[in-house]
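Data first, discussion second: the structure below is written as structure tokens.
Within every chain, numbering begins at 1; the chains are lettered A, B, ... in the order of the sequence lines, protein sequences first and strands thereafter.
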Amino acid sequence: DTEVTQTPKHLVMGMTNKKSLKCEQHMGHRAMYWYKQKAKKPPELMFVYSYEKLSINESVPSRFSPECPNSSLLNLHLHALQPEDSALYLCASSPGSGRRGYGYTFGSGTRLTVV
Amino acid sequence: AQSVTQPDIHITVSEGASLELRCNYSYGATPYLFWYVQSPGQGLQLLLKYFSGDTLVQGIKGFEAEFKRSQSSFNLRKPSVHWSDAAEYFCAVAMFSGGYNKLIFGAGTRLAVHP
């Protein structure tokens, strides 16, 4: 299995809702990432998990809460989002956060719309 | 500061024509460089990567890229473009900072293909 699977593919939520994005990989990768991508922009790093521990939080607002229950799963919990948080949320994994040469494997993303 | 520049925001070519997408990087150490492709509403797919060895790198879908240290460039090429190549292309450099691997993306080049 060489894929990163993200669910749901599309999500519409109100500003008072709580929702979660899910990401799963079975490649044995030990680093997982959340990226946010606005339209016509490159992906921007949000969080890095290495060996199931949060390693990097790129000054993301607390209304985004990541969770890594095990080495294969990565969640992003959403609460009290704003319309400007509408974007494509991409999950990625790599063999290890300390290995630069392998690149990342990206999921197909969750298209989030906040109304 | 580490950065990636893609000078061309939008490129249009005719089907069957050759293609070159430009990428310049700024990174103090040995760069680990990547090209990703993104179709509309999709995640990113790795086309090719460079981190050592032969400076001409072959990738998937008939793409290749050449690393030129003297010019700080990593341009992507394809000898004959197909209509299905229309997509957004991102150049990226892997930055190792604080013990962790981060991908820094360029702004992207949108490729349109005329029949």
Indicate every side-chain donor-acceptor pair of residues 107-115 of chain A with a distance under 3.5 Å to a residue at least two apart or in another chain.
residue, atom, partner, partner atom, Å
A:Thr110, OG1, A:Pro8, O, 2.5

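- Heavy-atom distances place the side chain of A:Gln37, and not its backbone, under 4.5 Å from chain B.
- Under a cut-off of 6.0 angstrom, the local environment of CD in B:Glu64 is crowded, with over 12 non-hydrogen atoms contributed by other residues, nucleotides or ligands.
- Counting only heavy atoms from C-beta outward, the side chains of A:Tyr35 and B:Leu44 never approach each other to under 4.5 Å.
- Atoms CD and CD1, from A:Glu44 and B:Ile104 in turn, are 10.5 Å apart once rounded to the nearest 0.5 Å.
- The greatest number of non-hydrogen atom pairs below 4.5 Å with chain A, out of B:Ala107, B:Ser39, B:Gly108, is found for B:Ala107.
- Under a hydrophobic-cluster definition in which Ile, Leu, Val, Met, Phe, Trp and Tyr are linked whenever side-chain heavy atoms come within less than 4.5 Å, directly or via other members, A:Leu76 and A:Val12 are assigned to different clusters.
- Minimum interatomic distance between B:Gln42 and A:Leu88 (heavy atoms only, all atoms of both residues): O-CD2, 3.8 Å.
- Under the 4.5 Å side-chain heavy-atom criterion for ILVMFWY residues, a single connected hydrophobic cluster contains both A:Val60 and A:Met15.
- Here the CG atom belonging to A:Leu45 is positioned 8.5 Å from the CG atom belonging to B:Leu103, to the nearest 0.5 angstrom.
- Listed by sequence position, the residues of residues 5-18 of chain B in contact with chain A number zero, using a 4.5 angstrom heavy-atom cutoff.
- Annotation for B:Phe90 and A:Pro42: closest pair CE2-CA, 3.5 Å, computed over non-hydrogen atoms.
- A chain of hydrophobic side-chain contacts below 4.5 Å, direct or via other Ile, Leu, Val, Met, Phe, Trp or Tyr residues, connects A:Leu54 to A:Trp34.
- Between the side chain of B:Tyr36 and the main chain of A:Tyr104, a donor-acceptor pair closer than 3.5 Å is present.
- Sparse packing is recorded around NE2 of B:His114, with 12 or fewer heavy atoms of other residues, nucleotides or ligands lying under 6.0 Å away.
- Residue A:Gln6 does not touch chain B at all, counting heavy-atom pairs closer than 4.5 Å.
- Proximity to chain A (any heavy atom under 4.5 Å) is shown, for B:Glu88, by neither the backbone nor the side chain.
- By the neighbour-count criterion of 12 heavy atoms within 6.0 Å, atom NZ of A:Lys38 is densely surrounded, having more than that number from other residues, nucleotides or ligands.
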